Amino acid sequence: MSLVARQLPDQTRLDYEKDGWCRLPERLPADEVRDLRASVERLSAQDRPEVVYERDSRVVRALHGCHLLDDACARLVRLPLLLDVAESLLGGPVYVYQFKINLKQPRRGEAWPWHQDYTFWFHEDGMRRPDAINIAVHLDDVDEENGPLRLIPGSHRLGIIENPAEGATGDGHPGGGDWRQHVSADLAYTVPEAEAVALADADGLRFATGPAGTVCAFHPNIVHSSTSNASDSRRALLLVTYNLVSNAPHRPTRPAFLVARDTAPVVRLAESSR
Ligand code: 6CS
Ligand code: FE
């Protein structure tokens, strides 16, 4: 049964094109959020490479490839609420390139330095164009105290900001680096702090705050970061990266839970199916 894709409100599209990110008008229903929180508990207890810990600890930093391991996550990526935004903003059929849940545990969740996501996908995976999109879902209430995603509006138009201190390969062929340095607090590719601060001074800073269920979209090139979590409230952020099927890297080398090998278009779920 062909399902008609939802139309994205014009203002949402305008916000995304102008700023490189937007908050969607609609939230994920509470029962979906509840199921995903239960998935986080189940997956966090498993001993597998997809479960990444904070430095020198057994505090879970992130869960990767969850849509390949868990029914609620596999269902989420097919919901029109997320899939229609991705297809509408990218303009064609998409597949799930990457799926992660960054937990940012209370008191123990470490920072994410200033960076651009496409830098990793270009240098390490050979993704040819930034024709992908991050859809973020808040699994917890997020405010300015528990380490919200911080974004610099308009920075998505700057292309990849190379950091001379990091000597990136820059040739768009898999750099063969250690993937653990792409998902830790000590990232292989960062935007120099001074440059990010200057951009934020000039263009402002936006915080992706909002109650559990809030859905945001952000561009692969937007400069973003988050601080460590000094509060007593967890800030679990679920991130689905959709990529245009036509933009799939030819010879990915990083683990499949970071760079999908299945590039078949995602099949939309009927709204009501539960
Ligand atoms: O290496 C990657 O694919 C991941 N690393 C970061 C810091 N952001 C993009 C992506 O999730
Ligand atoms: Fe990122």
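Position 1 is the first residue of the sequence, and the numbers go up from there. Computed from a predicted model, the values in this text were never measured in an experiment. All ligand and atom numbering here is 1-based and tracks the order in the structure.
Side-chain contact check for Ser39 and Asp70: at least one donor-acceptor pair (N or O, by modelled atom type) lies under 3.5 Å. For the residue pair Arg128 and His250, a side-chain donor N or O sits within less than 3.5 Å of a side-chain acceptor on the partner. For Thr214 and Arg23, the side-chain atoms include no donor-acceptor pair closer than 3.5 Å.
Geometrically, ligand 1 and Lys100 share a nitrogen or oxygen pair separated by less than 3.5 Å.
Of the possible polar contacts, none joining the Asp84 side chain to the Ser88 backbone as a donor-acceptor pair under 3.5 Å is found.
In this pair, His219 and Tyr16 present their aromatic rings tilted. The plane angle is within the 30 to 60° band. Between Phe257 and His64, the two ring planes are tilted [angle within 30° to 60°].
Remark: ligand 1 atoms within the under-4.0 Å shell around heavy atoms of Phe120 are 1 (O), 2 (C), 7 (C). Of all atoms in ligand 1, listed by their number and element, those nearer than 4.0 Å to a heavy atom of Arg254 are 1 (O), 2 (C), 3 (O).
Within the set Gln98, His64, His224, the minimum heavy-atom distance to atom 11 (O) of ligand 1 is found for Gln98.
Ligand 1 has Leu187 within reach: a non-hydrogen atom of the residue lies less than 4.0 Å from it.
Among heteroatoms of the N, O or S kind in His115, NE2 lies nearest the Fe ion (ligand 2).
Between the OD1 atom of Asp117 and the NE2 atom of His224, the angle taken at the Fe ion (ligand 2) works out to 90° after rounding to 10°.
Contacts with ligand 1 closer than 4.0 Å are made by side-chain heavy atoms of Trp121 only, the backbone lying farther away.
Put simply, the side chain of Leu83 reaches to within 4.5 Å of the side chain of Tyr242, judged on heavy atoms.
When only non-hydrogen protein atoms are considered, atom 8 (N) of ligand 1 lies nearest to Asp117 OD1, 3.0 Å. Residue, atom and distance of the protein heavy atom nearest to atom 5 (N) of ligand 1 are His182 O, 2.7 Å.
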